[in-house]
Amino acid sequence: MDKLSTESYKGVRDFYPEDKFIQKYIFDKMRQVVEAFGYEEYDASILEPTDLYRAKTGEEIINEQTYSFTDRGDRDVTLRPEMTPSLARMIAKQKRELAFPLRWYSIVNNFRYERPQKGRLREFWQLNVDMFGVEGIEAEIEAITIAYKIMRSLKAQETDFELRVNDRNSVNSFLNSLNLDEDKKYKITKIFDKKNKITKPEFEDQIKETLGDGAKEFFNKLKELEVCPEKVSKLIEELKKNNIVNIKFDPFLMRGLDYYTGIVFEVFDTDPENNRSMFGGGRYDNLLDIFGEEKIPAFGFGMGDVTAFEFLKSRNLLPEYKPETDLYLCIIDEKFKGFTDELAQTLRDEKINVAVDYSYKKIGDQIKKANKKKIPFAICVGENEERKGEFMLKRLSDGREFEANEAEIPNTIKLLKIKCAK
RNA sequence: GCGGCCAUGGUGUAAUGGUAACACUAGGGUUUGUGGAUCCCUCAAUCCGAGUUCAAUUCUCGGUGGCCGCCCCA
C-alpha cells in the first residue's frame, strides 16, 4: 500500500500544542482588551456565496486569489478571504433588530489562494474589531486606543511600535486638485502605498514616470498634502490625552483602494530591520450599499496572528509553554488504578486538571513523561498512599516534595502555582 | 501569475557516480516506589516521476513542496 503523505495542504497550518498555546495566548490578550471596551463576539460560516465578494470589489482578487468552487447544487461558493463582507451581510440582514452603536469582534481563520511567503500563508487567523453607528471621531479614537492597548497587553513597549494615521479624503482632494484621470490617480495611490518601502529618489522617479509633465505641479503642491489635516490633528490630540504618544500623521498612508472613506491607520514595527506595517484599519461608511441598505457609519480594523507572532518573536516576548494540566498521577501498580481514578475525579471536582498515566511502566519513566509534558506536579499512587491517605506532591521544576492528604492537595497546588507565577 | 535558491530518519547535520554517517529525539535495558546523569541496544531517511549510466541519493529534465523576492494585499 502506498504510504499517505504526512504533509499538510500547501500553505495551511498545523498547530501542535505548543503552537496552539502561543496562538491562544495572543488571542486571549486580544479578547480581554476588546471585551473590556464592550465588544461582543460574533461568528459566521467559513463558506459564503461567491457573489458576496464579487459585489464588494468585483476585482481579480476574487477570480484569482480566493478558493472558489461550485457545489453539488451548482451554487458558486467561496472560502472566506476576509470577515468584513460576512459582517456587513449579517448587519444588513438584521439592521432593525440591532441596537446601535454596535461593537462586534471575531477571531476567525480566512483563506486566500496565492503563493505563500514570509508572513503570508494561504490560511491566516485574524481578529476583526468593528464599530457601527458612530459617525464622529469617537469611533476612531476608540479603535486606535484598542489597537494600542492590544500591543501593550502583549507586552510591547511604546518604542517597539508606532501608529500612523491619515485621512483618505485629504489624499482624494489633493489628487482631484491635480486634475488627473482615474488611471493616473490610481497609480499615484499605489506609489503612495509603497512609499515607505522605497527611497526618496525612487519615489520621485516613479511619480515623474507616471505623470510626465504633470510631475512639476505635483511636487509643487506636495507641501499642501503634507500639512496635517484638521481631522487627523484632532484625532492625534485626543489620543495623546489618553497617553498614546507613539502616533504620527503619515500623508502617504493609503491602505488598499476604494474601500475606505475617511481616516485610516496602521501599526508599524519600529525595528529598523523590519519596519513594516503589522495591521490596521479605517473608516468604511458605504459598505452596506451593496445590500441596498442605507448607510451605516463604520470603523474597524483587522489584526492577523502571523504578524503578531513574528513581532513577539523578534522582541523576545513569546510566552513559555505551560500546559493546562496541573497534576500527573503515576500508578505504581495496576491494582491501584481504581483508587487513582477516584483520586483524580475528586481533584477534578476541585478544579485541578489531572492526567493519569495508564502505561503501568516503571515509576521513573512515568515521572519522565510528566516532566517532558511540562506538567508542574506529579503524585505517585501505590500501596502506602491507599493505606494512609497521605500523598507526596512532587514539584517537577525542582524535585521538592510536599506532604498532603487528599483534601489538602488542591489548595497546596493552587498556592504553589501562585508562588511560581511570581 | 512571474523569477531566484533549496529538498537525506521525527529534528538538526554529514558523505559519495558503487555498503548513506553522526548527534538529538523516540522505544527498550542498565535501576522491582520517584525524572532531567552514565553506559548499552533498537527503530527510523536520500520528496515524486522520467532520462543518461553497468550502476543515480549524487548528473539532466519535469512535477511537488519549502524559503525569498515581484504582482497583489482583504
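Sequence lines set the chain letters: A, B, ... in the order given, protein chains first and strands last, and positions in each chain run from 1.
- Closest approach to the Gln65(A) side chain among rG66(B), rA74(B), rG29(B) is made by rA74(B) (side chain taken as heavy atoms from C-beta onward).
- Taking atom P in both rC67(B) and rG12(B), one finds a spacing of 13 Å when rounded to whole Å.
- Atom-to-atom, NZ of Lys368(A) to C1' of rU31(B) comes out at 10 Å; the value is rounded to the nearest Å.
- The side chain of Lys372(A) places an N or O atom within less than 4.0 Å of a non-bridging phosphate oxygen (OP1 or OP2) of rA26(B).
- There is a side-chain donor-acceptor pair under 3.5 Å between Gln345(A) and Asp349(A).
- Distance from the side chain of Glu7(A) is smallest for rG65(B) among the nucleotides rG65(B), rA74(B), rU34(B).
- Rounded to a whole Å, the CD atom of Gln117(A) is 7 Å from the P atom of rC70(B).
- Each of rG35(B), rC71(B), rA74(B) was ranked by its minimum atom distance to the side chain of Lys194(A); first place goes to rC71(B).
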Between Asp130(A) and Tyr284(A), is a side chain to side chain donor-acceptor pair (under 3.5 Å) present by the stated rule, with each step listed?
CA-CA 10 Å; Asp130(A) 294 273; Tyr284(A) 54 99; 2.3 Å; yes
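- Residue Glu401(A) places its side chain closer to rU34(B) than to any other of rU34(B), rA74(B), rG27(B).
- The CG atom of Asp365(A) sits 10 Å away from the C1' atom of rG27(B) (whole-angstrom rounding).
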Report the secondary structure of RNA chain B in dot-bracket form, marking unpaired bases with a dot and bases paired to a different strand with |, and treating Watson-Crick or G-U pairs with both distances under 3.5 Å as paired.
(((((((..((((....[..)))).((((.........))))....(((((..]....))))))))))))....
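- Nucleotides rA14(B) and rG4(B) have their P atoms positioned 25 Å apart, rounded to a whole Å.
- Although no hydrogens or angles enter the test, the distance criterion places a donor-acceptor pair under 3.5 Å between the side chain of Arg348(A) and the main chain of Val354(A).
- Going from atom NZ of Lys335(A) over to atom P of rG33(B) covers 11 Å, rounded to whole Å.
- Rounding to the nearest 0.5 angstrom, the gap separating the CD1 atom in Ile91(A) from the OH atom in Tyr42(A) is 7.5 Å.
- No hydrogens or angles were tested; on distance alone, a donor-acceptor pair under 3.5 Å links the side chain of Arg120(A) to the base of rC72(B).
- When the C1' atom is compared between rC24(B) and rU42(B), the two are found 16 Å apart, to the nearest whole Å.
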What pairs of donor and acceptor atoms, side-chain ones from residues 291-299 of chain A against any protein atom, are under 3.5 angstrom apart with sequence neighbours left out?
from      : atom 1 : to        : atom 2 : distance (Å)
Lys295(A) : NZ     : Asn286(A) : OD1    : 3.3

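- Distance check: Ile409(A) CD1 to Phe377(A) CZ gives 11.5 Å after rounding to the nearest 0.5 Å.
- Comparing the C1' positions of rU11(B) and rG69(B) gives a spacing of 28 Å, expressed to the nearest Å.
- Distance from the side chain of Asn371(A) is smallest for rG35(B) among the nucleotides rG35(B), rG27(B), rC68(B).
- Residue Leu396(A) contributes atom CG, which lies 10 Å from atom C1' of rU34(B) at whole-angstrom precision.
- Contact check on Glu114(A) versus Arg120(A) returns a salt bridge, with a Lys/Arg side-chain nitrogen under 4.0 Å from an Asp/Glu carboxylate oxygen.
- At whole-Å resolution of the value, CD in Glu385(A) and P in rG33(B) are 12 Å apart.
- Two rings, from Phe402(A) and Phe391(A), have their centers 6.0 Å or more apart.
- Nucleotides rC2(B) and rG10(B) have their P atoms positioned 32 Å apart, rounded to a whole Å.
- Nucleic acid contact for Lys361(A): sugar-phosphate only, since backbone atoms but no base atoms lie under 4.0 Å from a heavy atom of the residue.
- Proximity of a side-chain donor or acceptor of Thr270(A) to a complementary backbone N or O of Thr159(A) within less than 3.5 Å is detected.
- Arg395(A) comes within contact range of at least one nucleobase, with a heavy-atom separation under 4.0 Å.
- Across the P atoms, rU13(B) and rC54(B) are found 37 Å apart, a figure rounded to whole Å.
- The 5' end of RNA chain B is approached more closely, in terms of each residue's nearest nucleotide, by Gly399(A) than by the other of Gly399(A) and Glu114(A).
- Set against rU31(B), rA74(B), rG33(B), the side chain of Lys362(A) has rU31(B) as its closest nucleotide.
- Residue contacts for Gly382(A): at a heavy-atom cut-off of 4.0 Å it reaches a base atom on one of the strands shown.
- Phe203(A) has its ring centre less than 6.0 Å from the ring centre of Phe252(A).
- Among the heavy atoms of the strands, none lies under 4.0 Å from Asp333(A).
- Note on Gly280(A): nothing from the nucleic acid sits closer than 4.0 angstrom, heavy atoms only.
- Out of rG33(B), rG69(B), rG35(B), the shortest distance to the side chain of Lys394(A) is found at rG35(B).
- The separation between Leu253(A) atom CG and rC73(B) atom P is 14 Å, rounded to whole Å.
- Here the C1' atom of nucleotide rC71(B) and the CG atom of Asp193(A) are 13 Å apart, to the nearest Å.
- Comparing rA56(B) with rU19(B), their P atoms are spaced 11 Å from each other, to the whole Å.
- Looking at heavy-atom distances under 4.0 Å, Glu383(A) makes contact with a base.
- Distance from the side chain of Ile332(A) is smallest for rG33(B) among the nucleotides rG33(B), rA74(B), rG27(B).
- Going from the C1' atom of rA45(B) to that of rA26(B) covers 15 Å, rounded to whole Å.
- Nearest-nucleotide positions on RNA chain B for Leu121(A) and Arg115(A) put Arg115(A) closer to the 5' end.
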